[in-house]
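Please read all numbers here as calculations on a predicted model, not as lab measurements. Residue numbers start from 1 in every chain, and the chains themselves are labelled A, B, ... in the order their sequence lines are given, proteins ahead of strands.
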2 protein chains.
Amino acid sequence: MLNYSVSEENYIKAIFHLQEQAGTVTTNELAGELSTKPASVTDMLKKLKAKKLLHYQPYQGFRLSADGNKVALGVVRRHRLWEYFLSVKLKFSWDEIHEVAEDLEHVSSKKLIDKLDEFLGFPRFDPHGDPIPDINGNIIASKTICLQELTPDTRAIVSNIKDQSTQMLEVLQHKSIGIGTRLEIRRKFEYDKSMEVKIGRLPVITISEHLAKNIFVQAI
Amino acid sequence: MLNYSVSEENYIKAIFHLQEQAGTVTTNELAGELSTKPASVTDMLKKLKAKKLLHYQPYQGFRLSADGNKVALGVVRRHRLWEYFLSVKLKFSWDEIHEVAEDLEHVSSKKLIDKLDEFLGFPRFDPHGDPIPDINGNIIASKTICLQELTPDTRAIVSNIKDQSTQMLEVLQHKSIGIGTRLEIRRKFEYDKSMEVKIGRLPVITISEHLAKNIFVQAI
DNA sequence: AAATAAATTTAGACAAAGCTAAAAAAATAA
DNA sequence: TTATTTTTTTAGCTTTGTCTAAATTTATTT
Ligand SMILES: [Mn+2]
Ligand SMILES: [Mn+2]
Ligand SMILES: [Mn+2]
Ligand SMILES: [Mn+2]
């Protein structure tokens with residue numbers, strides 16, 4: 001396995017995440033995601049194409065090649081294992097881990113990561129509920145549903161939080177919602193698309209449309 | 001506290017180590033230490049001087065300023081804490097940790113390092129016996145003696161190993177010597193400057209001049 | 001189907017960090 | 001004290017990754 005620069009890895013990971021949504025990625029999207037300029041993106045695309053990590057024809061959008069995908073899964077594995085370490089072992093709070101993992105993910109010793117994985121007990125999900133690729137790059141394709149789509153009287157387990165900001169953490173903590181929380185939809189209101197949800201024996205809480213769109217669950 | 005590039009940090013740390021020996025450092029020495037060219041060193045010296053991290057007049061040698069020293073202690077702290085983590089938590093062997101720590105030391109989140117320190121139980125020495133600067137940059141000035149200098153019938157505790165190669169590890173393990181090992185000098189031979197040493201109830205072992213020069217101890 | 005707007009690429013610059021080869025300064029030897 | 005050698009610095013070039021401004025291509029409106 002070759003080694004890639006920090007910049008290359010950040011681009012590859014960003015493309016990986018963007019193409020999960022739309023299949024193919026555009027220059028502007030990627031520039032937005034990386035807080036850089038479209039011209040810089042074009043330069044990097046040429047480089048990644050030359051290294052056969054990317055399928056790309058000028059003006060046509062792009063997506064990772066099989067090799068590019070493998071590289072991306074390596075970066076994602078490192079990122080999420082470090083997030084787990086920071087959260088579980090170092091007791092970082094939920095919203096501080098991403099930034100630090102953004103640096104740690106580029107330390108590329110394979111042995112380091114595999115030993116870290118073992119030390120952590122081979123966790124399969126990071127603290128945001130995202131699946132961690134295993135040593136062979138296999139990743140659990142968890143079929144989660146957006147909370148917003150559930151109908152009354154359905155029960156579900158919170159498995160993933162999309163927005164990972166401090167503000168999100170604040171509201172989640174206030175409402176006693178976290179990864180693994182079991183909840184039951186009680187009512188939905190057409191007016192503002194808000195819903196009422198029951199968690200354990202706690203009083204019923206209200207969840208706004210905005211919030212529900214960022215919470216993903218597995219139905220039971 | 002400002003942030004420095006990976007390259008700047010590697011230069012600063014190397015100067016820190018070199019000046020411990022000689023007080024002042026030369027361009028060629030530093031180029032050798034960093035496996036780079038003297039011309040590249042001169043370029044970096046100018047930059048570090050401009051940032052007031054270095055006392056430097058062309059052709060005159062150089063040493064870190066007070067600020068430069070502080071930066072160096074930060075890098076050394078990170079390096080040695082990660083070495084401890086790799087050795088104690090991830091069970092890396094003694095000779096593999098330096099290389100990985102060489103990368104990890106540049107992840108500069110202060111909170112990460114202080115939490116790691118706490119997680120590790122505030123260790124004061126790394127796996128090679130080198131002191132770890134604390135959160136304020138204070139470092140234990142351990143007054144160790146070279147094993148070669150001890151005379152027969154002296155007892156001592158191994159506190160530091162200078163050469164950190166795989167070859168050194170092999171011979172140390174074979175002879176049951178590690179950091180913390182108590183030993184007693186039994187005989188010294190003028191002929192080849194070798195010595196005989198007793199460790200616990202084990203049979204007496206012979207230590208060559210070459211080996212003894214790389215082992216540092218505290219007398220008891 | 002033009003005309004206009006938006007997205008993308010190209011051209012040209014720049015900063016960081018490295019290199020080689022040549023020049024200059026300092027140290028050492030004759 | 002010269003002459004020679006060693007050390008250090010300077011000059012000029014390269015690569016990586018970024019930027020702005022201009023050109024080009026594609027998409028959207030009239
Ligand atoms: Mn990153
Ligand atoms: Mn995550
Ligand atoms: Mn380093
Ligand atoms: Mn060490």
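Backbone-only contact: S7(B) has heavy atoms under 4.0 Å from sugar-phosphate atoms and none from a base. Using a 4.0 Å heavy-atom cutoff across all strands shown, F62(B) reaches no nucleic acid atom at all. Residue Y11(A) is in sugar-phosphate contact alone, with no base atom involved, counting any heavy-atom pair closer than 4.0 Å across all strands shown. Across all strands shown, T27(B) has heavy atoms under 4.0 Å from sugar-phosphate atoms exclusively, and none from any base. Base contact: P38(B) has a heavy atom under 4.0 Å from a base atom.
Straight-line distance from the NZ atom of K37(B) to the C1' atom of dA21(C): 13 Å, rounded to whole Å. Atom CG in D43(A) sits about 12 Å away from atom C1' in dA13(C), given to the nearest Å. Computed from coordinates, the E29(B) CD to dT8(D) C1' distance equals 13 Å when rounded to whole Å. The interatomic distance linking E8(A) (CD) with dT18(D) (P) rounds to 10 Å, in whole Å. Across the protein-nucleic acid pair, L45(A) atom CG and dT10(C) atom P stand 11 Å apart, rounded to whole Å. Here the C1' atom of nucleotide dT15(D) and the CE atom of M44(A) are 13 Å apart, to the nearest Å.
Checking dT9(D), dT24(D), dG18(C) against the side-chain heavy atoms of Y59(B) singles out dT9(D) as nearest. Of the candidate nucleotides dT8(C), dC19(C), dT18(D), dT8(C) has the atom lying nearest to any side-chain atom of N28(A). Out of dG18(C), dA21(D), dT26(D), the shortest distance to the side chain of Q60(A) is found at dT26(D). Closest to the side chain of T42(B), out of dT8(D), dT26(D), dC19(C), is dT8(D).
A ring-ring contact (aromatic ring centres under 6.0 Å, His included) with H79(B) is found for exactly one of H128(B), H106(B), H98(B), namely H98(B).
Between K46(A) and dT10(C) there is a side-chain N or O to OP1 or OP2 distance below 4.0 Å. Between S5(A) and dT16(D) there is no side-chain polar atom (N or O) within less than 4.0 angstrom of OP1 or OP2. In this model, the phosphate group of dA16(C) is not approached by any side-chain N or O of Y4(B) to a distance below 4.0 Å at OP1 or OP2.
In summary, R77(A) and D114(A) engage in a salt bridge, as defined by a charged side-chain N under 4.0 Å from a carboxylate O. Checked for salt-bridge contact, K213(A) and E209(A) meet the test: a charged N lies under 4.0 Å from a carboxylate O. The pair K111(A)-E99(B) does not meet the salt-bridge criterion, since no charged nitrogen lies less than 4.0 angstrom from a carboxylate oxygen.
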L54(A) and M44(A): CA distance, side-chain angles, deciding distance, side chain to side chain contact (heavy atoms under 4.5 Å, CB included) verdict: CA-CA 10 Å; L54(A) 200 64; M44(A) 183 59 88; over 6 Å; no
